[in-house]
Amino acid sequence: MNESVAGHDASLDNAKGITTFAMKIVALLLVMLGSFSTAVLLPGVGDLATADIGALTGVVLTDAFSWCAVPLYAWMLVNGFRRTHAAGWYLARLAVLAAVSEVPYDMATSGRFFDMTSQNPVWGLCIALIALMVLRAFQGRRDVASWAIRIAVLLAATLWAYLFNVGLRLGLVGEGLMTLVFAVIFYTLARRENTMMLTAGAFGACMFILPVLGVMLLHWRSRREGYPAPWVKWLFYVLYPLQLLAFGLVGMA
């Protein structure tokens with residue numbers, strides 16, 4: 001496959017590629033797998049220091065497969081950002097979703113209604129979107145001041161995702177930080193398909209290999225959104241906190 005030119009992506013010409021709707025279904029199912037692992041399987045393991053190694057490995061692998069969804073959500077964020085004419089409204093929607101999802105997320109990941117050990121990964125999407133907004137605001141500028149602002153914002157976003165444990169999974173992987181890096185890669189290298197995918201794949205390999213599978217799926221994406229009806233896209237905003245709440249209640253019970 002040749003490098004895309006002037007923003008054209010040859011892989012998207014494939015009418016049989018995975019649509020945005022299908023990608024969202026895959027991503028949601030992967031997220032649900034992670035919720036099931038932490039809310040239902042992990043409590044059954046008991047004390048991690050004395051847990052059966054086979055059971056513990058099963059929990060880790062089950063949760064790890066959910067990390068494949070991170071590059072998918074990062075790509076959908078970048079794609080939505082490119083298409084929207086109201087980035088502020090897009091950010092507000094994500095912030096509301098993050099706030100609504102926080103208690104269900106705590107229930108699913110810690111069995112408590114409030115827990116600061118980890119924040120839900122939608123906050124990572126918010127952080128990444130703010131970073132993209134700044135990058136676009138200074139797009140095309142090459143002066144020292146604009147570069148300094150870009151670097152400062154990216155460093156601040158990185159620290160925010162890291163210090164607040166956004167999307168921290170099993171104490172190993174911060175999905176918020178992964179989302180930020182993937183989003184920056186997809187946005188800044190959008191005109192170079194091969195370079196973009198190889199860079200994203202290399203980063204995913206550094207993050208315990210499995211996110212690479214999500215990057216591979218992105219290579220077969222289609223231009224088509226594929227929603228059966230316009231209102232269906234809003235359904236995913238509801239399904240994410242609902243699945244967290246459901247698994248959280250099961251785990252706490």
- Determine, step by step, whether M216 and M197 satisfy the side-chain contact (heavy atoms from CB on, under 4.5 Å) criterion, reporting the C-alpha distance in whole Å, the side-chain angles of both residues, the deciding distance to 0.1 Å, and the verdict. CA-CA 8 Å; M216 292 171 61; M197 287 300 168; over 6 Å; no
- ring pair (Phe, Tyr, Trp, His ring centres under 6.0 Å) partner of F186, chosen from W75, Y73, F203, F81: W75
- Message: If you apply the rule side-chain contact (heavy atoms from CB on, under 4.5 Å), what do you find for L244 with Y240, and how did you get there?
- Response: CA-CA 7 Å; L244 286 173; Y240 176 70; 3.5 Å; yes
- Message: Quick check: closest heavy atoms across N165 and M116, and the distance to 0.1 Å?
- Response: ND2-O, 4.5 Å
Listed pairs under 3.5 Å, donor-acceptor, residues 96-103 side chains, sequence neighbours left out:
from, atom 1, to, atom 2, distance (Å)
S101, OG, L97, O, 2.7
E102, OE1, N120, N, 3.3
E102, OE1, N120, ND2, 2.6
E102, OE1, W123, NE1, 3.1

Spacing of [atom1] belonging to [X] relative to [atom2] belonging to [Y], to within rounding of 0.5 Å:
| X | Y | atom1 | atom2 | answer |
| --- | --- | --- | --- | --- |
| M76 | L125 | CE | CG | 8.5 Å |
| L155 | Y162 | CG | OH | 14.5 Å |
| R142 | W147 | CZ | CH2 | 6.0 Å |
| L135 | R150 | CG | CZ | 7.0 Å |

- Item | side-chain hydrogen bond (donor to acceptor under 3.5 Å, both in side chains) partners of S35, counting only residues at least two apart | Q243
- Item | Salt bridge flag under 4.0 Å for residues R83 and E225 |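 The answer is yes: the pair qualifies as a salt bridge.
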- Query: With I130, which residues qualify under side chain to side chain contact (heavy atoms under 4.5 Å, CB included), at least two apart?
  - Reply: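 Per chain and number, I130 pairs via side chain to side chain contact (heavy atoms under 4.5 Å, CB included) with L91, W160.
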- side-chain contact (heavy atoms from CB on, under 4.5 Å) with C68: which of L33, L213, V212, V26? L213
- State, yes or no, whether a side-chain contact exists between V166 and L177 at a heavy-atom distance under 4.5 Å.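 No, every pair of side-chain atoms sits at 4.5 Å or beyond.
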- Message: If we ignore hydrogens and angles and just use 3.5 Å, is the side chain of R192 paired with the main-chain N or O of L189 as donor and acceptor?
- Response: no
- Query: Judged by atom type as modelled, is there a donor-acceptor pair below 3.5 Å linking the side chain of T109 to the main-chain atoms of Y105?
  - Reply: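 A pair under 3.5 Å: yes.
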